[in-house]
S.K.: 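Here's a structure for you.
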2 protein chains.
Amino acid sequence: MRDLSRASGVSLSGLYYYFESKERLLYLIQKHTFTTILDKLKTRLEGVADPEQRIRIFILNHLEYFLVNQQGMKVLSHEDEALKNGPSSEIAAIKRTYYRTCIGLMDDLKRAQGLDFNSRTAVMSLFGMINWIYTWYSPRVDGSAQELAQRMGDIFLTGVTAGSSGLKHRKDISDLSSRP
Amino acid sequence: MRDLSRASGVSLSGLYYYFESKERLLYLIQKHTFTTILDKLKTRLEGVADPEQRIRIFILNHLEYFLVNQQGMKVLSHEDEALKNGPSSEIAAIKRTYYRTCIGLMDDLKRAQGLDFNSRTAVMSLFGMINWIYTWYSPRVDGSAQELAQRMGDIFLTGVTAGSSGLKHRKDISDLSSRP
DNA sequence: TAATCAATCGAACGAACGTTCGAACCATGG
DNA sequence: CCATGGTTCGAACGTTCGTTCGATTGATTA
């Protein structure tokens, strides 16, 4: 709270004029964050039918938000369980919607290609891959969100032994950079 | 510190008789943890030549330790940057050794199979997949470390579109369960 | 027995934190 | 002009935290 006060130029007690408690403020930030990510994902998925491409869109969408708001995401990851009381359930509901959306993407892929893998493990592994970047991402070394999403999408979809990385004949999602 | 005092039965000041500060204690825990994981990994890798199998061993080794010490790993992940001063560099060195070992596994795989992918992205993605489990793992739902390592290894090596999950002709690492 | 020394503890210190409270400010409308 | 009410602030309160200190215990040794 004192950090926010200093960074914003508003006095400590001034903050409490707008937010009744630290927990309430964290709740508002979380709600805004997850709602924004989920809304943007839905928009981007519209009109895209190919299951692989839809998963790549999911990866880029999630990754992009995490890279743009890297420090904020770090705080949110650490403060994840700070919402002890009632409002927490609303956040949990949004997260569950997001999770189920991703499970749906996996099920679509399985149906389209006749695959059989554990959707939960796949989704949680994918979340881990992406969420962990706040501990290691460096723009100079690791490239843009598009490049990283491309590489992570390759690993997740075809694995490291596919041997197609950086070569021809590969769909990419660079056209998504011109978004609304 | 007061939590540790209560849980261990040692008085608060008694703890400071053995550990000069909270930061020092955290340093010792981190050192013990990463040294243990790295030593165990080296032992398990001995005598295994196949690059894919070596990566699967790495995944199982890391995953197993994280699941056995799940609560501890949660604390370590959150307290990751709490080591502000000098001793931090020794921990960083151990981590770097661990990281480079994993990079080596990737390079071996690339050499053996003539692949070309970004080792850093692959390793960091793999770390993310595994380290993230402390946020979602449930023994009843997600099975043993062996089962999870198998599924994560499948995803990382061949991707979700490989279609080989749960079928025949697939090497596994269940024999590793009888370890020293 | 007396002296020593490692081990353990209760009590407290100072700092940091989330939060509250009353006063001060300042633009608006009568 | 004054009164009102939204806005902002400094100062403090109570709690928690990491840490320290002096005293007490209990076994060892001269």
Side-chain angles (χ1 to χ4, degrees), chain A residues 1-37 65-66 69-95 131-132 134-135, chain B residues 1-37 65-66 69-95 131-132 134-135:
Chain A
M1 284 298 160
R2 281 169 172 84
D3 286 347
L4 295 180
S5 167
R6 196 180 324 111
S8 64
V10 178
S11 74
L12 191 54
S13 36
L15 286 180
Y16 281 87
Y17 181 75
Y18 293 100
F19 309 104
E20 67 185 40
S21 71
K22 179 187 172 184
E23 191 173 340
R24 176 72 183 173
L25 175 56
L26 184 57
Y27 157 78
L28 290 171
I29 295 174
Q30 288 202 25
K31 184 176 177 178
H32 175 265
T33 297
F34 297 126
T35 302
T36 301
I37 295 181
Y65 197 95
F66 264 56
N69 310 76
Q70 195 169 1
Q71 315 160 55
M73 292 301 101
K74 189 171 187 172
V75 173
L76 278 199
S77 294
H78 276 230
E79 220 83 355
D80 189 28
E81 297 181 353
L83 263 47
K84 307 285 181 186
N85 305 335
S88 167
S89 62
E90 190 179 345
I91 302 297
I94 301 178
K95 284 187 179 178
N131 291 341
W132 198 245
Y134 79 85
T135 67
Chain B
M1 283 299 161
R2 281 169 173 85
D3 287 347
L4 294 180
S5 169
R6 197 180 322 112
S8 65
V10 179
S11 74
L12 190 54
S13 38
L15 285 180
Y16 280 87
Y17 180 76
Y18 293 99
F19 309 104
E20 66 185 38
S21 69
K22 178 187 172 183
E23 190 172 343
R24 176 72 183 171
L25 175 56
L26 184 57
Y27 157 78
L28 290 171
I29 295 174
Q30 288 201 24
K31 184 177 178 179
H32 174 264
T33 296
F34 297 127
T35 303
T36 300
I37 295 180
Y65 197 94
F66 264 56
N69 310 77
Q70 193 169 3
Q71 314 160 55
M73 291 304 100
K74 188 171 186 172
V75 174
L76 278 198
S77 295
H78 277 230
E79 222 81 354
D80 190 28
E81 296 180 354
L83 263 47
K84 308 284 181 186
N85 304 334
S88 167
S89 61
E90 191 180 344
I91 302 296
I94 301 178
K95 284 186 179 179
N131 291 340
W132 198 246
Y134 79 83
T135 66

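Everything numeric in this text was worked out from a predicted model, so none of it was measured. A, B, ... follow the sequence lines: proteins, then strands. Residue 1 opens every chain.
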S.K.: Taking atom C1' of dT16(D) as reference, at what distance in whole Å does atom CZ of R2(B) sit?
M.R.: 7 Å
S.K.: I need the minimum non-hydrogen distance between S5(A) and S11(A), along with the two atoms involved.
M.R.: OG-C, 3.4 Å
S.K.: Check every atom of dT19(C), dG18(D), dT20(C) against the side chain of S13(A) and return the nucleotide holding the closest atom.
M.R.: dT20(C)
S.K.: Given dA7(C), dA12(D), dA12(C), which nucleotide is nearest the side-chain atoms of Y17(B)?
M.R.: dA7(C)
S.K.: Using atom CG of L15(B) as one end and atom P of dT8(C) as the other, report the distance to the nearest whole Å.
M.R.: 10 Å
S.K.: Can you tell me which nucleotide in dG10(D), dT19(D), dA7(C) comes closest to the side chain of Y18(B)?
M.R.: dA7(C)
S.K.: Look only at the side chain of T135(B) and the backbone of W132(B), and say whether a donor-acceptor pair between them is shorter than 3.5 Å.
M.R.: yes
S.K.: Return the nearest nucleotide to the side chain of Y16(B); candidates are dT20(D), dT8(C), dA12(C).
M.R.: dT20(D)
S.K.: Looking only at heavy atoms, what is the nearest atom pair of L15(A) and M1(A), with distance?
M.R.: CD1-O, 3.5 Å
S.K.: Could you work out which one of dT19(D), dT8(D), dA12(D) sits closest to the side chain of L12(B)?
M.R.: dT19(D)
S.K.: Whole-Å distance between dT19(D) C1' and L4(B) CG?
M.R.: 14 Å
S.K.: Going 5' to 3' through nucleotides 23-28 of chain D, assign each nucleotide B (protein heavy atom under 4.0 Å from a base atom), S (under 4.0 Å only from sugar-phosphate atoms) or - (no protein heavy atom that close).
M.R.: ------
S.K.: Go nucleotide by nucleotide along DNA chain C from the 5' end; which of E20(A) and D3(A) gets its closest nucleotide reached first?
M.R.: D3(A)
S.K.: Give a yes-or-no answer on whether the side chains of Y27(B) and E90(B) include a donor-acceptor pair shorter than 3.5 Å.
M.R.: yes
S.K.: Shortest non-hydrogen contact from I91(B) to K31(B)?
M.R.: CD1-N, 3.5 Å
S.K.: Identify the heavy atoms of Y16(B) and S21(B) that sit nearest to each other, and give their distance.
M.R.: CE2-CA, 4.0 Å
S.K.: Taking atom P of dT8(D) as reference, at what distance in whole Å does atom CZ of R6(A) sit?
M.R.: 19 Å
S.K.: Can you tell if the side chain of Y65(A) reaches within under 4.5 Å of the side chain of T33(A), non-hydrogen atoms only?
M.R.: yes
S.K.: If you assign each of M1(B) and V10(A) to its closest nucleotide in DNA chain D, which residue comes earlier from the 5' end?
M.R.: V10(A)
